[in-house]
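I have placed the structure first, in the form of structure tokens, so that the comments after it can refer back to it.
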Amino acid sequence: MKKLFASRIDTIKGDFIVLWSEEGIFELFFPGAGPVKAYPAKDPPWPQLAADLDRYLAGGPVTWVGYPLDCSGYGEFSGRILAEVSRIPYGQVFTYRQMAERAGSPLAWRAAGQALASNRHPLIVPCHRVVGSNGKIGGFSGPAGWKEMLLKLEGAV
DNA sequence: ATTAATAGCGGCA
DNA sequence: TGCCGCTATTAAT
């Protein structure tokens with residue numbers, strides 16, 4: 001595992017924690033959550049991050065262009081899925097199947113769900129914009145309710 | 001090393 | 001309406 005640093009990000013919704021390496025953002029934690037083990041604190045090389053998070057949490061469109069992601073640890077397919085998800089335009093919603101198609105394996109939508117379940121980059125990789133084909137949100141295992149909250153935030157519901 | 005289970009969906013009777 | 005098979009990944013055995 002590469003060297004990781006932790007930074008606390010003050011936002012209007014509370015204190016987020018971002019874990020990052022030289023390659024980019026490694027993991028993002030919601031307020032109240034945090035990495036199991038401690039990492040050295042260091043200011044991230046993205047001075048706009050707090051402001052962008054604020055804007056996003058206030059319901060503004062943020063594309064996250066310019067924020068590199070450290071996707072090490074993902075399988076090849078998972079990486080492709082997450083890359084595709086991160087390209088979903090703001091406010092749009094796709095299905096698991098559509099994401100699997102765009103990753104090159106239309107039948108692997110189920111694995112796409114698995115990839116999203118282990119997504120380390122909530123908000124930045126907007127897994128809340130991927131839903132079941134019936135339009136309903138599945139048994140998402142993250143902090144209760146934040147997916148719906150974020151969808152409402154984007155006006156996509 | 002092998003198996004079971006997992007963010008469902010589409011086809012078919 | 002209900003059953004079947006399908007893919008990639010991970011946790012459990």
Inset, instruction - Scan side-chain atoms only and decide if Glu148(A) and His128(A) contain a donor-acceptor pair under the 3.5 Å cut-off. - result: no

Legend entry - Any donor-acceptor pair under 3.5 Å from Tyr67(A) side chain to Leu49(A) backbone: yes

Inset, instruction - Take atom CD of Glu101(A) and atom P of dT7(C), then tell me their distance rounded to the nearest Å. - result: 15 Å

Legend entry - Set of residues satisfying side-chain hydrogen bond (donor to acceptor under 3.5 Å, both in side chains) with respect to Arg110(A), sequence neighbours excluded: none

Inset, instruction - Could you list all the salt bridge (charged side-chain N to carboxylate O under 4.0 Å, His left out) pairs where at least one residue sits in residues 114-123 of chain A, not counting sequence neighbours? - result: none

Please produce a list of atom pairs where a protein N or O lies less than 3.5 Å from an N or O of nucleotides 8-13 of chain C.
{"unit_1": "dT9(C)", "atom_1": "OP1", "unit_2": "Phe77(A)", "atom_2": "N", "d": "3.0"}

Inset, instruction - Could you provide the dot-bracket string of DNA chain C, using ( ) for intrastrand pairs, [ ] for crossing pairs and | for bases paired to another strand, with Watson-Crick or G-U pairs below 3.5 Å? - result: ||||||.||||||

Legend entry - Check ion pair Glu84(A)-Arg80(A) (N to O, under 4.0 angstrom): no

Inset, instruction - Hey, could you give me each pair passing salt bridge (charged side-chain N to carboxylate O under 4.0 Å, His left out) that has a residue in residues 23-42 of chain A? Not counting sequence neighbours. - result: Lys2(A)-Glu23(A)

Legend entry - Under the ring pair (Phe, Tyr, Trp, His ring centres under 6.0 Å) test, residues paired with Tyr74(A) that sit two or more places apart: none

Inset, instruction - In whole angstrom, give the distance that lies between atom CD of Gln98(A) and atom C1' of dG10(B). - result: 15 Å

Legend entry - Short N-O contact, Glu101(A) and Arg97(A), less than 4.0 angstrom: yes

